[in-house]
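Beneath this line is the structure, given in structure tokens, with notes to follow.
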Protein chains: 2
Amino acid sequence: MERVTMADVANKANVSKSTVSQYINNRFEYMSLETKKRIECAIEELNYQPNIIARSLKQKKTYTIGVIVANILHTFSTQVIRAIEDECQRKNVNVIVCNADDQPSKERKYIETLRAKQVDGLIIFPTGGNLDLYKKLEKSGYPLVFVDRTVENTDITSVLLDNEKASSLAVDHLVGKGYRNIAFLTTSIEMNITPRIERMDGFKKALQKHNLPLLEQLFAGEEIHKMQEKMHFMFSQDKVPDAIICGNDLTLLEVLKFCRKKALTIPTDVALVSIDEVSFSEIYNPPITVVTQPSYEIGTYAAQQLLQKADEHEKTEETIIRFEPKLVVRSST
Amino acid sequence: MERVTMADVANKANVSKSTVSQYINNRFEYMSLETKKRIECAIEELNYQPNIIARSLKQKKTYTIGVIVANILHTFSTQVIRAIEDECQRKNVNVIVCNADDQPSKERKYIETLRAKQVDGLIIFPTGGNLDLYKKLEKSGYPLVFVDRTVENTDITSVLLDNEKASSLAVDHLVGKGYRNIAFLTTSIEMNITPRIERMDGFKKALQKHNLPLLEQLFAGEEIHKMQEKMHFMFSQDKVPDAIICGNDLTLLEVLKFCRKKALTIPTDVALVSIDEVSFSEIYNPPITVVTQPSYEIGTYAAQQLLQKADEHEKTEETIIRFEPKLVVRSST
DNA sequence: CATTTTTAATAAATCGGTTTAGTTATTTAT
DNA sequence: ATAAATAACTAAACCGATTTATTAAAAATG
């Protein structure tokens with residue numbers, strides 16, 4: 001347990017700490033070959049490993065970034081995180097992931113502890129509930145990138161999907177297939193969460209584009225545990241939907257649960273399109289048509305943006321970067 | 001960006017750094033109420049936040065643990081991680097999660113960088129490929145807990161499922177339902193990975209218990225990308241399986257893919273039991289019978305064990321802790 | 001009133017590195 | 001032969017906290 005320090009190495013090799021430090025940082029210019037070898041041996045023998053904490057303190061860099069995800073349960077979140085981690089590993093940066101569980105208070109706490117831990121920057125899937133903090137971070141020039149969602153009244157770089165287009169792709173496809181009573185369902189839109197709002201808007205615009213009526217009972221943003229009830233209501237109206245667009249993966253699960261309960265056959269009783277990919281879309285009976293996000297690209301791009309900011313400490317010009325959704329047609333439509 | 005330090009607060013409040021430190025650590029005993037208030041104000045005004053890096057350096061504690069998961073793609077892994085994070089949050093400890101991607105070299109690298117980062121302990125889903133390092137850590141008394149897998153020739157605390165029982169539950173159930181040609185399929189068993197080996201063994205023992213023959217062609221541990229081929233082979237033999245036990249969730253996905261390709265109806269053509277829960281088991285057509293692990297309990301327990309070791313720095317007595325699997329019968333059998 | 005104890009606070013060492021400004025000794029240039 | 005340049009190092013300050021030993025003043029005790 002007794003850790004070996006640089007001083008121990010210096011002693012053993014009969015040089016000063018400074019020289020060992022030079023060695024550790026691969027600055028061999030001012031060091032004889034003989035010295036270099038002695039240090040090498042000492043490190044080997046003592047099994048020395050530098051204390052990164054000490055280095056971080058002096059250098060004011062931790063080579064660590066934080067990721068605060070609003071809700072880790074979304075498949076999209078996990079994929080983006082995966083991409084961020086890969087990109088950071090390439091750049092030799094560590095990642096600490098925190099899940100805010102959709103609670104602004106948790107998000108706030110994580111932002112604060114991660115800053116206290118001196119992480120070099122933050123990638124946040126913002127809950128939207130901490131505008132003051134976001135602004136404070138922005139003003140202080142702290143490296144910050146938003147993913148999946150934007151926050152109004154800030155100029156923080158945000159990397160996200162062209163959500164309206166995603167809805168439009170789904171609607172175009174369904175209309176093309178002859179469906180006319182298209183419903184749109186998503187998780188709660190109370191909190192002004194970008195993708196939900198934009199996908200809903202995109203849905204409405206797309207319906208208008210096709211000259212389809214906008215029926216109140218055919219779209220809803222509802223909390224997950226009230227969704228069954230909501231669908232029950234939808235299907236008890238006179239205009240029963242012949243197709244449903246699920247605003248995200250969690251919604252899809254609820255819709256499938258409902259279909260199973262009501263013994264609705266897909267796609268004959270009702271067609272289904274999910275925005276966001278799910279693990280089982282290909283192997284489900286029937287396989288499910290989805291609009292996918294390029295989540296890996298989004299994550300990679302976000303990480304690159306952040307690392308660039310953390311490195312150069314300059315603002316990058318663009319503030320909102322949109323990625324293109326893609327329709328993958330399967331048998332649920 | 002210019003960070004406020006304790007010295008700044010001390011200046012503003014007209015006290016020494018020491019006193020501010022006492023304040024930060026809630027040791028108000030030797031401090032007048034007046035001083036306390038002055039410090040409070042100064043902190044408020046300057047918006048001071050302690051630098052945890054500096055604290056860690058002195059205290060030799062980072063209040064951070066590392067989790068190195070062999071393969072993050074398993075549902076089980078993500079659930080365990082979730083539990084670990086929850087437990088650690090309760091104890092005000094941060095978690096850094098790393099994915100070794102089943103590669104011992106990556107695992108080694110992560111162990112080393114996390115140690116260099118001075119994390120207070122490690123929870124590892126071991127790849128099994130770094131015995132020397134495991135032993136070194138064990139010998140040095142470094143807090144360490146294994147999850148999901150054990151490693152032979154070490155006495156490192158391991159928290160895992162009673163895997164043999166899991167297989168036995170599945171077999172008992174299938175035999176009870178009248179299935180006789182039961183196949184067992186899992187991902188590669190080359191690397192001696194505990195759950196795969198034990199589940200396979202459990203499967204064989206259970207067959208023997210029921211006096212069923214052990215047919216070579218009805219069990220396999222195969223790499224994921226060769227699995228379709230393997231199943232093709234299985235189903236081209238004279239004794240075609242009437243039931244398949246999937247050794248884990250990734251295997252289940254492959255089996256379902258195969259069933260879809262070959263238009264096999266579940267459970268009439270072939271019954272299915274999956275060891276490990278998946279997100280879609282309830283909503284699949286048909287819903288899938290699974291043997292679940294108490295992954296949340298496993299994760300919580302592992303975290304508790306580790307935090308205890310990190311705190312008290314004593315060995316806990318038990319080395320292998322097994323949790324009970326549970327059969328959840330659905331319509332795939 | 002002198003002495004001890006308690007209270008309230010501080011100076012300085014420390015953690016384990018990095019970095020800057022020197023210091024020798026040797027070599028090269030003048 | 002002397003000055004300048006270079007090679008090969010090192011001492012000491014520093015990062016921002018914690019902690020130990022110490023001090024000065026006030027309060028309690030005999």
Side-chain angles (χ1 to χ4, degrees), chain A residues 1-40 42-43 46-64 112-120, chain B residues 1-40 42-43 46-64 112-120:
Chain A
M1 227 27 222
E2 8 53 60
R3 300 238 66 196
V4 178
T5 77
M6 191 170 265
D8 299 329
V9 175
N11 268 340
K12 179 140 222 156
N14 248 310
V15 293
S16 70
K17 270 192 343 178
S18 327
T19 307
V20 178
S21 177
Q22 303 286 15
Y23 176 92
I24 291 294
N25 292 286
N26 294 307
R27 290 190 281 260
F28 305 120
E29 303 96 53
Y30 302 121
M31 187 182 308
S32 68
L33 203 72
E34 209 247 322
T35 308
K36 187 179 160 189
K37 278 194 180 143
R38 274 215 318 285
I39 296 176
E40 204 171 301
I43 287 175
L46 298 172
N47 187 28
Y48 167 72
Q49 267 195 298
N51 181 329
I52 294 190
I53 293 285
R55 162 186 298 174
S56 294
L57 179 58
K58 176 70 190 188
Q59 293 191 330
K60 301 183 170 203
K61 271 209 124 209
T62 54
Y63 303 95
T64 302
E112 278 165 0
T113 59
L114 286 174
R115 288 224 62 198
K117 270 185 179 278
Q118 315 296 117
V119 297
D120 300 335
Chain B
M1 225 27 220
E2 7 53 62
R3 298 239 66 193
V4 179
T5 77
M6 191 171 265
D8 298 330
V9 175
N11 268 340
K12 178 140 223 156
N14 248 311
V15 293
S16 71
K17 271 191 345 179
S18 326
T19 307
V20 178
S21 177
Q22 302 285 14
Y23 176 92
I24 291 294
N25 292 285
N26 293 307
R27 290 189 283 261
F28 304 120
E29 304 95 53
Y30 303 122
M31 188 182 307
S32 69
L33 202 72
E34 210 247 321
T35 309
K36 185 179 160 188
K37 278 193 181 144
R38 274 214 319 284
I39 297 177
E40 204 170 303
I43 287 176
L46 297 172
N47 187 28
Y48 167 72
Q49 267 195 300
N51 181 328
I52 293 189
I53 293 285
R55 163 186 297 174
S56 293
L57 178 58
K58 176 70 191 189
Q59 292 192 331
K60 301 183 169 201
K61 270 208 125 211
T62 53
Y63 303 96
T64 302
E112 277 163 1
T113 59
L114 286 174
R115 286 224 63 198
K117 269 183 179 281
Q118 313 297 118
V119 298
D120 299 336

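Chain naming here is simple, since letters A, B, ... match the order of the sequence lines and numbering starts at 1 in each.
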Compare the minimum distances between each of D:dT18, C:dT19, C:dT18 and the side chain of B:S21, then state the nucleotide with the smallest one. D:dT18
Counting side-chain heavy atoms from C-beta on, which of D:dT18, C:dG17, C:dA8 comes nearest to A:Y48? C:dG17
Report which part of the nucleic acid B:N14 touches: base, sugar-phosphate, or nothing (heavy-atom distance under 4.0 Å, all strands). sugar-phosphate
Just how far, in rounded Å, is P of C:dT20 from CG of A:N25? 12 Å
Whole-Å distance separating the CE atom of B:M31 from the C1' atom of C:dT6: 16 Å
Rounded to whole angstrom units, what separation is found between the CG atom of B:N11 and the C1' atom of C:dT10? 14 Å
With respect to the phosphate group of C:dG16, does any side-chain polar atom (N or O) of A:T5 fall under 4.0 Å of OP1 or OP2? no
Taking N and O atoms by type only, does the side chain of B:S18 place a donor or acceptor under 3.5 Å from a partner on the base of C:dA11? yes
Got B:Q118 and A:N51 here, is their nearest side-chain heavy-atom distance under 4.5 Å? yes
Sorted by position of nearest nucleotide on DNA chain C, 5' first, the leading residue of A:M6 and B:R38 is B:R38
Any carboxylate oxygen within less than 4.0 angstrom of a Lys/Arg side-chain nitrogen, looking at A:E34 and A:R38? yes
Which residue lies more 5' along DNA chain C, comparing A:I24 with B:A54 via nearest heavy atoms: B:A54
Taking every non-hydrogen atom, the tightest pair across B:P50 and A:A116: O-CB, 3.7 Å
Provide, to the nearest angstrom, the distance between the CD atom belonging to B:Q22 and the P atom belonging to D:dG16. 20 Å
About how many Å separate CD1 of A:I43 and NZ of A:K12, when rounded to the nearest 0.5 Å? 12.5 Å
Would you indicate what A:T19 reaches in the nucleic acid, counting non-hydrogen atoms under 4.0 angstrom: base, sugar-phosphate, or nothing? base
If you measure from CD1 on B:I53 to NZ on A:K58, what distance do you get to the nearest 0.5 Å? 15.0 Å
Rounded to the nearest angstrom, tell me the gap between atom CD in A:Q118 and atom C1' in D:dA17. 11 Å
Is there a donor on the side chain of A:K60 or the base of D:dC15 sitting less than 3.5 Å from an acceptor on the other? no
Rounded to the nearest Å, what distance is computed from the CZ atom of residue B:R27 to the P atom of nucleotide D:dT18? 8 Å
Given atom CG of B:L46 and atom P of D:dG16, what is their separation to the nearest angstrom? 14 Å
On the side chain of A:K17, is there an atom forming a donor-acceptor pair with the base of C:dG17 - under 3.5 Å, no angle test? yes
Check the distance between D:dG16's P and B:Y23's OH and give it to me in whole angstrom. 21 Å
Ignoring hydrogens and angles, tell me if any N or O in the side chain of B:S21 forms a donor-acceptor pair with the backbone of B:K17 under 3.5 Å. no
Closest nucleotide among D:dC9, C:dG17, C:dT10 to the A:K58 side chain: C:dG17
By nearest atom, which of the nucleotides D:dT18, D:dA11, C:dA11 is closest to the B:Q59 side chain? D:dT18
Within the 4.0 Å heavy-atom criterion, would you say A:V15 contacts the bases, only the backbone, or no part of the nucleic acid? sugar-phosphate
Base, sugar-phosphate or nothing for B:S56? Non-hydrogen atoms, less than 4.0 Å. nothing
Answer with base, sugar-phosphate or nothing: what part of the nucleic acid does A:S32 contact at a heavy-atom distance below 4.0 Å? sugar-phosphate
